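A short worksheet on the structure shown next.
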Amino acid sequence: MKEIKEFRKLREKHFLKPNGEIVAYIYDHDIHYLKDGKYEEIDNTLQKMNNGYENKHNAFKSIFNKDNLLKIKKNNNYLNFNLNNINNLKHIKKDQREIILENI
């Protein structure tokens with residue numbers, strides 16, 4: 001099956017089967033985001049950036065670094081989550097899609 005990208009919606013994917021049928025998959029959460037008039041795949045995999053991590057592709061950025069526990073940014077708007085004494089924060093575990101802070 002091959003995805004028909006032109007048919008994408010926030011929560012839908014459409015595929016062309018070898019027999020010519022089109023199959024739609026509908027999800028209960030957003031799987032795409034709108035960028036420059038086209039729906040793109042959401043990828044919240046964390047990637048190393050400057051002094052922290054951020055998600056790869058979404059309508060917003062989730063930024064984790066030493067200055068902010070978490071900063072969520074969309075266009076020119078943002079929301080910061082901070083802790084007192086964040087410089088003393090230790091034992092950060094990270095995998096592809098999650099950051100775990102211990103003993104906070």
Side-chain angles (χ1 to χ4, degrees):
M1 287 195 311
K2 181 179 178 186
E3 183 185 3
I4 307 170
K5 292 182 179 182
E6 300 81 35
F7 288 10
R8 283 181 176 175
K9 294 184 181 162
L10 277 178
R11 297 181 175 192
E12 293 180 23
K13 282 185 175 289
H14 296 81
F15 295 91
L16 180 61
K17 293 171 68 174
N19 67 1
E21 278 186 308
I22 296 175
V23 176
Y25 288 87
I26 301 171
Y27 300 82
D28 62 354
H29 60 279
D30 293 351
I31 56 169
H32 298 115
Y33 70 101
L34 198 56
K35 179 180 178 186
D36 301 326
K38 292 184 178 180
Y39 285 104
E40 301 289 337
E41 292 273 348
I42 290 175
D43 183 352
N44 284 320
T45 302
L46 296 172
Q47 58 186 358
K48 182 82 171 134
M49 301 295 288
N50 299 329
N51 64 342
Y53 298 92
E54 70 178 45
N55 61 319
K56 280 188 178 181
H57 306 289
N58 206 330
F60 59 89
K61 284 290 178 189
S62 298
I63 303 163
F64 305 87
N65 61 35
K66 298 249 184 244
D67 299 324
N68 301 291
L69 180 63
L70 168 62
K71 181 178 196 174
I72 300 173
K73 183 178 176 186
K74 182 172 182 176
N75 302 325
N76 292 325
N77 303 301
Y78 62 90
L79 177 62
N80 279 335
F81 294 89
N82 290 307
L83 290 174
N84 292 336
N85 301 318
I86 195 167
N87 293 332
N88 298 327
L89 194 61
K90 294 180 182 172
H91 306 293
I92 297 177
K93 294 180 181 179
K94 181 211 157 285
D95 67 21
Q96 270 197 330
R97 294 184 181 261
E98 141 181 291
I99 291 181
I100 300 170
L101 305 172
E102 294 180 339
N103 301 320
I104 59 172

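Basis for what follows: all heavy atoms, side chains included, without hydrogens, waters or symmetry-related copies. Computed from a predicted model, the values in this text were never measured in an experiment.
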Within 45° of the six-membered ring axis of Tyr27 and under 6.0 Å from that ring's centre, is NZ or CZ of Lys13 located there?
no
What distance do Lys35 atom NZ and Glu40 atom CD have between them, rounded to the nearest 0.5 Å?
6.0 Å
Just verifying a value: how many Å separate Tyr53 OH and Leu70 CG, rounded to the nearest 0.5 Å?
15.0 Å
Of the non-hydrogen atoms in Met1 and Pro18, which two are nearest, and what is the gap between them?
CG-CD, 4.5 Å
Minimum heavy-atom distance His32-Ile42, with the two atoms named:
O-CD1, 3.5 Å
Nearest 0.5 angstrom please: Asn65 CG to Met49 CE, how far?
11.0 Å
Polar side-chain atom of Asn75 near backbone of Asn77 as donor-acceptor pair, under 3.5 Å
no
Heavy atoms of Phe60 and Asn55 approach each other most closely as O-ND2, 3.2 Å
Checking side-chain polar atoms at under 3.5 Å, does Asn44 have a donor or acceptor matched by the opposite partner on Asn58?
yes
How far does CD1 of Ile31 sit from CZ of Arg11, to the nearest 0.5 angstrom?
10.0 Å
Evaluate the side-chain contact (heavy atoms from CB on, under 4.5 Å) criterion for residues Ile72 and Lys61: first the C-alpha distance (whole Å), next the side-chain angles of each, then the deciding distance (0.1 Å), finally the verdict.
CA-CA 6 Å; Ile72 300 173; Lys61 284 290 178 189; over 6 Å; no
I need the Ile63 CD1 to Asn80 CG distance, nearest 0.5 Å.
8.5 Å
Is there a side-chain contact between Val23 and Lys17, using heavy atoms and a 4.5 Å cut-off?
yes
Taking Phe64 as the starting point, is it possible to reach Leu79 by hopping between hydrophobic residues whose side chains are less than 4.5 Å apart?
yes
Side chains of Arg8 and Glu3 in contact at under 4.5 Å (non-hydrogen atoms)
yes
Nearest heavy-atom contact between Ala59 and Lys74 is O-CG, 3.5 Å
Using the ring-ring contact (aromatic ring centres under 6.0 Å, His included) rule, take Tyr25 and Phe15 through it: C-alpha gap first, then chi angles, then the decisive distance, then the call.
CA-CA 8 Å; Tyr25 288 87; Phe15 295 91; 5.5 Å; yes
More than 12 heavy atoms from other groups under 6.0 Å of CG on Asn76:
no
When you look at Glu41 and Asp43, which way does the side-chain contact (heavy atoms from CB on, under 4.5 Å) test go after all the steps?
CA-CA 6 Å; Glu41 292 273 348; Asp43 183 352; 5.8 Å; no
Got a second to check how far Tyr39's OH is from Leu34's CG, nearest 0.5 Å?
5.0 Å
Within 45° of the axis and under 6.0 Å from the centre of the six-membered ring of Tyr78, does NZ or CZ of Lys71 qualify?
yes
